[in-house]
Amino acid sequence: MDENTIMLIVWLSVFVIALIAEVSTEALVSVWFCIGSLVALAVTYIPGMPWWGELIVFLGVSALFLILLRPVANRLLLRKNTKTGVASIVGKKGKVTKTITPLEYGEVKIFGTLWTGMLMDGAKEIPEGSVVEVVSINGNKLVVKVVKE
């Protein structure tokens, strides 16, 4: 086997190993090495390119993509952590449409939808018409507290 074929195998192996590492983690860990190895693989086809030249290209491209694209990728990944569904209601304000007491659930209207509301532990009655904030969710009930306006 000639040196060119060996380097093709090396860069393809680096790509596969980096890809497996990337797929097995949630964070962007080795995608940069995948890109660098593909560019180095392409550079292998340049006649007369020494192995150390390919290594420099691999390291340079990997470092460049890491420095330039990691901040952008992190911002995009942070958007994934946005609360959706019922969890997005926590912290929102609503209006009590049926009085909530320590012994009985009431109703809270948020975004035009009626929810069963319950008091935080130790809280007193919240009368109809009061503005409340959702503190947490307990099953399918909103745990609320009165908002002082």
Side-chain angles (χ1 to χ4, degrees), residues 6-46 51-149:
I6 292 171
M7 290 312 293
L8 286 171
I9 293 170
V10 166
W11 295 124
L12 194 56
S13 300
V14 170
F15 174 76
V16 169
I17 291 168
L19 187 62
I20 290 170
E22 186 62 41
V23 170
S24 63
T25 62
E26 288 185 24
L28 292 174
V29 175
S30 60
V31 69
W32 325 113
F33 301 120
C34 290
I35 297 167
S37 64
L38 289 176
V39 173
L41 181 72
V43 168
T44 303
Y45 288 103
I46 297 174
W51 67 269
W52 53 266
E54 296 170 22
L55 181 62
I56 291 171
V57 168
F58 166 73
L59 293 173
V61 168
S62 297
L64 183 68
F65 274 87
L66 175 67
I67 292 167
L68 295 178
L69 295 181
R70 179 134 177 113
V72 173
N74 279 338
R75 274 184 295 211
L76 292 175
L77 287 176
L78 288 177
R79 289 185 186 162
K80 280 186 179 179
N81 296 333
T82 303
K83 292 180 183 176
T84 59
V86 177
S88 67
I89 296 174
V90 174
K92 303 295 185 216
K93 294 179 183 169
K95 192 169 195 174
V96 176
T97 58
K98 180 181 172 192
T99 301
I100 307 171
T101 70
L103 299 175
E104 288 187 37
Y105 299 128
E107 288 181 350
V108 178
K109 190 173 191 176
I110 297 179
F111 303 127
T113 303
L114 288 176
W115 293 84
T116 302
M118 61 188 284
L119 298 173
M120 289 178 44
D121 289 335
K124 306 243 188 265
E125 179 179 297
I126 302 176
E128 184 177 332
S130 299
V131 176
V132 293
E133 179 181 341
V134 178
V135 177
S136 64
I137 298 172
N138 185 356
N140 64 348
K141 296 167 189 66
L142 304 180
V143 180
V144 297
K145 69 176 183 180
V146 176
V147 174
K148 307 279 190 236
E149 291 195 42

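Residue numbers count from 1 along this sequence.
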- Query: Under 6.0 Å from the six-membered ring centre of Tyr105 and within 45° of its axis: does the NZ or CZ of Lys141 meet both?
  - Reply: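 Lys141 over Tyr105 ring: yes.
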
Give, for atom [atom1] of [X] and atom [atom2] of [Y], the distance between the pair rounded to the nearest 0.5 Å.
{"X": "Lys145", "Y": "Ser130", "atom1": "NZ", "atom2": "OG", "value": "14.5 Å"}
{"X": "Thr97", "Y": "Glu128", "atom1": "OG1", "atom2": "CD", "value": "6.5 Å"}
{"X": "Phe33", "Y": "Leu59", "atom1": "CZ", "atom2": "CG", "value": "8.5 Å"}
{"X": "Leu38", "Y": "Leu12", "atom1": "CG", "atom2": "CG", "value": "8.5 Å"}
{"X": "Lys93", "Y": "Ile110", "atom1": "NZ", "atom2": "CD1", "value": "11.5 Å"}
{"X": "Trp32", "Y": "Ile67", "atom1": "CH2", "atom2": "CD1", "value": "11.0 Å"}

Looking only at non-hydrogen atoms, find the nearest pair between [X] and [Y] and report the distance.
{"X": "Phe15", "Y": "Cys34", "answer": "CD1-O, 3.5 Å"}
{"X": "Leu114", "Y": "Glu107", "answer": "CD1-OE1, 3.9 Å"}
{"X": "Ser37", "Y": "Val14", "answer": "CB-CG1, 3.8 Å"}
{"X": "Leu66", "Y": "Pro71", "answer": "O-CD, 4.2 Å"}
{"X": "Pro102", "Y": "Glu125", "answer": "CD-N, 4.3 Å"}
{"X": "Val135", "Y": "Val90", "answer": "O-CG1, 3.5 Å"}

#### Entry: Contacts of type side-chain hydrogen bond (donor to acceptor under 3.5 Å, both in side chains), residue Thr44, not counting sequence neighbours
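If we apply the side-chain hydrogen bond (donor to acceptor under 3.5 Å, both in side chains) test to Thr44, skipping adjacent residues, the hits are Glu54.
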
**OP:** Could you give me the CA-CA distance, side-chain angles and deciding distance for Ile89 and Trp115, then say whether side chain to side chain contact (heavy atoms under 4.5 Å, CB included) is met?
**Re:** CA-CA 11 Å; Ile89 296 174; Trp115 293 84; 3.2 Å; yes

* To do: Before giving the answer on side chain to side chain contact (heavy atoms under 4.5 Å, CB included), spell out for Trp11 and Val39 the whole-Å C-alpha distance, their side-chain angles and the decisive distance to 0.1 Å.
  => CA-CA 9 Å; Trp11 295 124; Val39 173; over 6 Å; no

Name of the residue among Thr101, Thr99, Val146 meeting side-chain contact (heavy atoms from CB on, under 4.5 Å) with Ile126: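 One option only clears the test, and that one is Val146.
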
Polar side-chain atom of Ser30 near backbone of Glu22 as donor-acceptor pair, under 3.5 Å: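 Answer holds: yes.
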
- Check whether any side-chain heavy atom of Leu142 lies under 4.5 Å from a side-chain heavy atom of Thr116, and answer yes or no.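 They are not in contact (no side-chain heavy atoms under 4.5 Å apart), so the answer is no.
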
| said: I'd like to know whether Ile35 forms a side chain to side chain contact (heavy atoms under 4.5 Å, CB included) with Val61, so could you lay out the CA-CA distance, the side-chain angles of the two residues, the decisive distance to 0.1 Å, and finally the verdict. | reply: CA-CA 7 Å; Ile35 297 167; Val61 168; 4.1 Å; yes

